[in-house]
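So the structure is just underneath, and the comments pick up after that.
Ligands are counted one by one from 1 in listed order, and the atoms in each one are counted from 1 as well. Small disclaimer: the values here were computed from a predicted structure and weren't measured. Each residue takes its place number in the sequence, starting with 1.
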Amino acid sequence: MNNVSFTYPTKDKPTIMDVSLTVSQVSRVAVIGANGAGKSTAIKVLVGEQLPTEGSIWKAQGLRLAYVAQHAFHHLEKHMQETPTAYIMWRFAGNDDRESLEFKTDELSVDEEKARSQKWCIDSVTGNVRRCTDPKEDAKKAKQDEAGAVIPDAIVNRRQKKKEKTFEYEVKWQFKSMDSNTWVEKDTLVKMGYLKLVQREDERQAAMAGLMTKQLTQPGVEKHLADFGVDAESASHTQINQLSGGMKVKVVLAAAMWQNPHVLILDEPTNYLDREGLGALILAIKDYKGGVLIISHNKEFCDNVATEKWIMQGGRLRIEGESVDTSKDDASGAQGPDEVFDGAGNKIEVKKSVTMTEKDKKKAIKDIEKKIKDGKKKQTLTDEEVWELEDKLNELKESLKGKE
Ligand SMILES: Nc1ncnc2c1ncn2[C@@H]1O[C@H](COP(=O)(O)OP(=O)(O)OP(=O)(O)O)[C@@H](O)[C@H]1O
C-alpha cells in the first residue's frame, strides 16, 4: 500500500492519511493505537473493502488473504440457524469464498462503463478479439464487425502463456454456446472493461490452489473444525446460535483458514475468546506458516505474536520493528510462549507444547521406551527421571489415541 489516504463519504477530512505499508507471508504485525485512530479503516482499505481515495494498493496475483472483521459474528449473522459444517460448506461451494465476493461492489466505475460502451468483435482472420472498426474509417467493414460483435458473459477458465508469463482467459460470450468460447488476453479484457471478471477468476484459481489438500465434505469440514477446537457434535449437530461466543469465534477462524490463506488478518480477535482459546490462538499463530496481521488493544497479546508494530495515531501510521523470515533458522519455532495474557491483562498458564506429527510422536515413543529400558538396565537413570520419561510416554500415547 503506497501513500494511501481514505475519506469516508460522510466526512470532510480523511480518516487515514499517507499510509504506506507492506504485508507478506512472513509478516508478524500488531496494529495498535487509540480508539478511533483509524486502525480498522486502514485494514478495510488494505483488504479491498474500501477503495482508497488517494494512493495505490498492489496485491500479488494469486495471494489469498483471509480477513476476520472486528465484529466477527457478522460473518455468521445470516447462518444462525445452520450448523458450522453447513455454513462452511455453503461458503466455499464451487471453490469460491462467497463472503470475499460480498466485499466486491458490482457497481461499475465510470471508466468501466465507458470501456464497455465500445464495441468489440472477433477478427475473422486472426481469431483475436479486437475493437470494431470505426464507421468513419470504413463503413462496410464497420458494419461487418458490428454484426459479429461480442460481449463477455463469463470467464470460465484461465491458462498461462508460457513465453510471456501472462494469463489468458476463456471467455463465454453472450448469446453464444460454450463451443464459441475463445481465449482472450488479460490486457484486452481490461480494455473492454471486464477487470472484475478477470479478478474473480484469479480468485477462484487461487482458492483452488489452496484447497489441494482439503475436501468440502462433512467429514472433511468436521476434521478442519476439530483442528480449531470445535468438536463434531458442535460442528454438525448444533445450530450456530446455540454455540457460546468463544465457540463462534473458533468457527469464524476455522472458516477464514479454510482456503489456507497466505496472510491472515484479525481485527480484535481477543474479545470473545476465553483463556484457553486465547492461549491456543497464540500458539497457533506462532506455528502458522503464513503472514499474520492483528489489530488488538491487548498489549501483551500483541507482544507475544508480533515483531513488527504499526502504530496508528490520528490517521497516520508509524512502523516499528520488522517481520523476518524465521522459518529457516528457528528450530524451536513450534514452541509456545512462556507467558500469555488474557484480554484483561491477566497471566495465563500455557503449557509449552511442540507440535509434532503422528510420525514424530511414534518415533519419540520408541526413543523414550528405549531410553527407559536402557536406563533401567544400566542403572543410569534416577527414579524421578524414569517417572518423568514415563509421564511423557503416556502423554504421547494418549495424544495418538485421540487421532485413531
Ligand atoms: N463507515 C464509516 N463512516 C464514517 N466514519 C466512519 C466509518 N467507520 C469509521 N468511521 C470513523 O473513522 C474513525 C476511525 O475509525 P476506525 O474504526 O478505523 O478506528 P479504530 O482505530 O479501528 O478504532 P477502534 O479501536 O475503536 O476500533 C472514527 O472517527 C470513526 O468514527
Side-chain angles (χ1 to χ4, degrees), residues 1-23 27-57 59 65-78 99-107 109 245-246 248-249 252-253 256 263-273 277-278 281-282 285 291-321 323 341-346:
M1 187 153 140
N2 271 326
N3 308 106
V4 165
S5 298
F6 177 78
T7 310
Y8 283 104
T10 50
K11 298 223 162 156
D12 47 11
K13 278 195 197 141
T15 294
I16 58 164
M17 283 158 275
D18 204 19
V19 172
S20 297
L21 51 89
T22 307
V23 196
S27 290
R28 283 286 184 275
V29 181
V31 189
I32 50 180
N35 286 337
K39 303 182 293 293
S40 297
T41 306
I43 298 311
K44 281 182 189 157
V45 177
L46 177 72
V47 301
E49 212 182 294
Q50 300 282 5
L51 292 176
T53 321
E54 267 173 56
S56 61
I57 297 175
K59 187 177 144 195
L65 210 136
Y67 168 52
V68 178
Q70 185 167 25
H71 305 290
F73 299 161
H74 111 101
H75 292 273
L76 302 174
E77 257 159 30
K78 294 180 203 145
E99 286 184 6
S100 135
L101 296 175
E102 269 181 14
F103 291 150
K104 311 276 175 308
T105 54
D106 279 333
E107 275 172 45
S109 67
K248 282 186 199 139
V249 169
V252 170
L253 283 172
V263 176
L264 174 66
I265 298 178
L266 302 170
D267 196 344
E268 279 298 356
T270 52
N271 283 353
Y272 298 93
L273 286 176
L278 192 61
L281 179 62
I282 291 177
I285 288 173
V292 181
L293 202 156
I294 295 169
I295 307 180
S296 177
H297 283 115
N298 183 328
K299 185 177 177 300
E300 286 79 8
F301 179 73
C302 293
D303 286 349
N304 258 308
V305 294
T307 52
E308 185 176 341
K309 287 199 179 99
W310 295 358
I311 304 147
M312 281 304 286
Q313 210 170 9
R316 292 191 183 273
L317 180 75
R318 185 160 55 86
I319 297 179
E320 275 181 14
S323 296
F341 296 80
D342 71 4
N346 302 314

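Proximity of Pro52 to Ile57: side-chain heavy atoms (C-beta onward) are separated by under 4.5 Å at one or more points. The shortest side-chain heavy-atom distance between Lys44 and Phe6 does not fall under the 4.5 Å cut-off. Side-chain contact between His297 and Lys39 is present, with heavy atoms from C-beta onward closer than 4.5 Å. In this structure, Ile32 and Lys309 have side chains that are in contact, with non-hydrogen atoms separated by less than 4.5 Å. Taking the side chain as every heavy atom from C-beta outward, Leu264 and Leu266 approach each other to under 4.5 Å. Under the 4.5 Å side-chain criterion, counting only non-hydrogen atoms from C-beta, Val305 is in contact with Ile282.
An N or O contact shorter than 3.5 Å links Ala37 to ligand 1 by distance.
Summarising the contacts of atom 28 (C) of ligand 1 with Gly36, Pro14, Ser296, Gly315, the nearest heavy atom is found in Gly36. Nearest-heavy-atom check against atom 17 (O) of ligand 1 across Gly314, Ala34, Ser40, Ala42 picks out Ser40.
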Quiz item: Should Leu21 and Val29 be marked as a side chain to side chain contact (heavy atoms under 4.5 Å, CB included) after you check the CA-CA gap, both sets of side-chain angles, and the distance that decides it?
Solution: CA-CA 11 Å; Leu21 51 89; Val29 181; over 6 Å; no
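Within the structure, the closest approach of Lys44 to ligand 1 does not fall below 4.0 Å when heavy atoms are considered. Using a non-hydrogen distance threshold of 4.0 Å, Lys11 registers as a contact of ligand 1.
Residue contacts with ligand 1, taken as heavy atom pairs separated by less than 4.0 Å, involve Asn35 via backbone and side-chain atoms alike. Proximity of Thr41 to ligand 1, defined as any heavy-atom pair under 4.0 Å, is shared by backbone and side chain alike. The residue Glu268 has no part lying near ligand 1, judged by heavy-atom distances below 4.0 Å.
Between the Arg316 side chain and the Ile311 main chain, no donor and acceptor come within less than 3.5 Å of each other. Panel note: side chain Ser5, backbone Glu54; no donor-acceptor pair is recorded below 3.5 Å. With hydrogens and angles disregarded, no donor-acceptor distance shorter than 3.5 Å links the side chain of Thr41 to the backbone of Thr15.
The nearest heavy-atom contact from the protein to atom 27 (O) of ligand 1 is Gln70 NE2, 3.2 Å. For atom 19 (O) of ligand 1, the nearest non-hydrogen atom of the protein is Gly38 N, 3.2 Å. Among protein heavy atoms, the minimum distance from atom 12 (O) of ligand 1 is reached at Thr15 CG2, 3.4 Å. The closest protein non-hydrogen atom to atom 1 (N) of ligand 1 is Tyr8 CE2, 3.4 Å. With respect to atom 20 (P) of ligand 1, the closest heavy atom belonging to the protein is Lys39 N, 3.5 Å.
Of all the atoms in ligand 1, the ones that sit under 4.0 Å from a non-hydrogen atom of His297 are 25 (O). In the vicinity of Thr10, heavy-atom distances shorter than 4.0 Å reach the ligand 1 atoms 3 (N), 4 (C).
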